[in-house]
Every structure is written in structure tokens, then in C-alpha cells.
Amino acid sequence: MAKFISDSIYFNTGRFEFDFKLNGDVTLILGDSSSGKTLFFNKLRAMEVGSSLGKYRFLNGYNNTDEVKALCKMYKDQIIVLDNADILIDLELRNLIHSDENNQYVIMGRYVNMYPVERNCIAFIREFNRRFELRYLSR
Amino acid sequence: MSLTVYMRKKDIPDGVGIINNNDVYFESIKDLLNVDDTVLHMLDSIDQSVYRGGTNILTRYGEILDMTYSSTGCKTAINIGNSNGKIVNCIEAGNNAVKEILKLKDGTILLELAPYIPDDFEIDCKLIDGNKELKITSARKLSEILQHIGGR
């Protein structure tokens, strides 16, 4: 089991508002292309640049799988936001996430069977007037 | 010409390159990209963005941004026509992007996950299944094959 650190991510950039409720230690965000997954990743990362809290860590396809594994092992008490997960994930990384007792994960991917995630933690992004929320497959 | 679809990595011949990281690959072609009708169509149909010259797009949120900020699915679709002989892995393309990709008449892709096709449409596709080549003209038929025998 990963570590359930926070049950929500909320931020407002002035143009975009993200209000994500999180149901568990690993959240998988699915969805069409251009539905807001990478927008969420980029905007949250931009918001975090000036933050001293250091609550989030951002990993994506510009990291390679070995880097991601090493960083996940190194981080403690972080919410790791992982974009481009389908090209990064392998069985070892999947098991690492599953057994990571130190960090929470928010993963953007499509290959549902590859991720250690309960059905009530699989969500789609829904947008209305630049306000983004998560809609879960089941409660 | 038709779209060539591999449904398993192991069917891809040795020595043929695969573009797995479409975001990174797109960065390598972006500056010299020939913005033709296919590119314009993908920007519009997948991201609802409009090309504004150079490497700029107008997003559906009214922002002028570099094409880097297009969705990965859109970049995947654009990469197919600019892959320099490589096979484009569509694993990160969302269902909306895959549907547009399947309408292409040329290119070579790796499609391991079955798309959801509620409304069938005509495609011109050559599906590689081991040593066999299957001509597929229905998007839903392709999806059914991928669900039952293909993919990961």
C-alpha cells in the first residue's frame, strides 16, 4: 500500500480551477486526449514552483523509467504526480508504487490493468467553464 | 496506401524503430513541421485548437501557446505522418485521438489497447497479426479484434 497523505488537490490559477477529491493512496486519471490531464500536471507544477511546502513531486515522459524508480524510492511524504505513465510503467515500477509506504500517487495513464489501483480510485476529468473535477468510475 | 497497424510489439521486425515517447519525438520535428491539412485537422478535431503560424496554436481556452502544449494524443497523431519510417506507439493516445488516427490513409502504428467505437466508421487498415496481414475496413471490427486477440 502506498501512503494516503491527502484526500484532495485544490488550486486556482486565475484562469483554471482544479478541485480533485482523492479516494485513496493511488489515483488513476483516465480520459480522452486534451481532457485536461497534462494541463493539470503542468498547472500544478507551475503553481508549485514558488512554493516552499514541497508537497508534490512531478515525473513524466521526460524522465526515464529508471529515474522514476530511483526518485520514487528517494521521496518521503510526497504526493507524486506521474504523467505519461503508460510509457514509464513496467512491472517493477508497478510493484514499487504498490508497496511504497512513504508516498501517495496521482497517475495519468490509460492502461488500467497495469496500475495497483482500486476501482473507486479510477477517475475521469470533467470540465465545466475551466473548472476541473474528477468523476470516479464507482464510489 | 493504407494505415498499417501492429497490435503487438513482438510482431514488429527487428531493426524497425518505435516512437514510444511522442512528446519528446514531437519536439524533435516541431520546428520543421510541414503544417498540412492533416496537422490542421488533428489540432482541430482532437484539441479544438487552431494553428496560428510558426509553432503557435490558439487553444480552446483562448491562449496562444507553443504546439508543445498540444495534447499527447494530438502530437501522436501528427507524428504518424512525420515518423521518418518509425512506428508510432499510440499507447498514450486517448480514445478521441485514436479514432482520428484510424481515419488516416497512410502511416504505421502500434495499437495495443482496443479503442471504444460506439459508432462504427470506415477505415483503410492493414492489421499485422504475427505473419498474417488482415485488411480491415471497419473501426469497430478492428476494436473487436484487439479486444479478443491483440494488444497487451
Side-chain angles (χ1 to χ4, degrees), chain A residues 12-18 28-46 58-68 82-91 93-94 107-115 122-132 137, chain B residues 9 18-28 42-50 57 59-79 88-102 110-116 118 146-147 151-152:
Chain A
N12 190 334
T13 69
R15 289 176 65 85
F16 301 98
E17 183 181 18
F18 291 86
L28 176 61
I29 302 177
L30 310 167
D32 276 350
S33 295
S34 195
S35 62
K37 302 186 294 293
T38 300
L39 183 71
F40 161 71
F41 181 93
N42 287 333
K43 295 297 183 187
L44 180 59
R45 183 167 57 177
F58 301 91
L59 301 170
N60 66 5
Y62 287 90
N63 304 103
N64 64 46
T65 300
D66 288 338
E67 269 179 342
V68 172
L82 185 59
D83 196 13
N84 308 115
D86 292 324
I87 59 169
L88 292 171
I89 196 101
D90 61 12
L91 198 56
L93 179 56
R94 183 235 183 255
I107 298 171
M108 268 72 78
R110 293 184 64 228
Y111 187 31
V112 176
N113 294 341
M114 194 64 186
Y115 301 101
I122 301 173
F124 291 87
I125 293 179
R126 287 289 174 262
E127 181 218 344
F128 183 71
N129 283 346
R130 300 185 188 184
R131 185 175 195 279
F132 297 78
L137 292 184
Chain B
K9 262 186 187 158
I18 306 175
I19 298 167
N20 288 309
N21 193 326
N22 279 282
D23 288 323
V24 169
Y25 181 80
F26 183 80
E27 288 306 303
S28 76
M42 294 304 181
L43 289 169
D44 175 42
S45 60
I46 299 171
D47 285 0
Q48 295 80 56
S49 60
V50 178
I57 52 168
T59 73
R60 69 173 181 271
Y61 301 111
E63 297 174 304
I64 301 276
L65 294 175
D66 190 271
M67 291 171 84
T68 293
Y69 290 94
S70 297
S71 69
T72 302
C74 185
K75 286 186 267 189
T76 300
I78 292 170
N79 287 345
V88 175
N89 187 346
C90 296
I91 184 70
E92 289 199 277
N95 204 63
N96 56 333
V98 171
K99 285 198 279 190
E100 294 304 323
I101 288 167
L102 290 178
L110 172 64
L111 186 63
E112 295 179 292
L113 296 179
Y116 172 58
L146 285 168
Q147 282 178 45
R152 294 195 189 193

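Being a predicted model, the structure only gives us computed values, none of them experimental. Just so we're on the same page: letters track the sequence lines, and every chain starts at 1.
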#### Entry: Candidate list B:S71, B:S70, B:S45, test side-chain contact (heavy atoms from CB on, under 4.5 Å), partner A:S34, passing option
B:S71
### Task
First locate atom OG1 of B:T72, then atom CG of A:N60, and finally report the distance between them rounded to the nearest 0.5 Å.
9.0 Å
### Summary
Nearest heavy-atom approach of A:R130 to B:Y61 is NH2-O, 2.6 Å
#### Entry: Rounded distance (nearest 0.5 Å) linking atom OG1 of A:T38 with atom CD of B:E92
8.0 Å
### Query
Are B:N21 and A:N84 close enough that some pair of their side-chain heavy atoms sits under 4.5 Å apart?
no
### Message
Within a 6.0 Å radius of atom OH on B:Y69, are there more than 12 heavy atoms belonging to other residues, nucleotides or ligands?
### Response
no
#### Entry: Side-chain donor or acceptor of A:R110 paired with backbone N/O of B:L113 under 3.5 Å
no
### Summary
Given B:D47, B:T59, B:N95, the one with more heavy-atom pairs under 4.5 angstrom with chain A than any other is B:D47
### Query
In terms of heavy-atom proximity below 4.5 Å to chain B, should A:L39 be classed as side chain, backbone, both, or neither?
side chain
### Query
Hey, what do you get for NZ (B:K75) to OG (A:S33), rounding to the nearest 0.5 Å?
11.0 Å
### B:I46 CD1 to A:S35 OG distance, which is reported to the nearest 0.5 Å
12.5 Å
### Task
With rounding to the nearest 0.5 Å, note down the distance linking CD1 in B:I91 to CD1 in A:I89.
11.5 Å
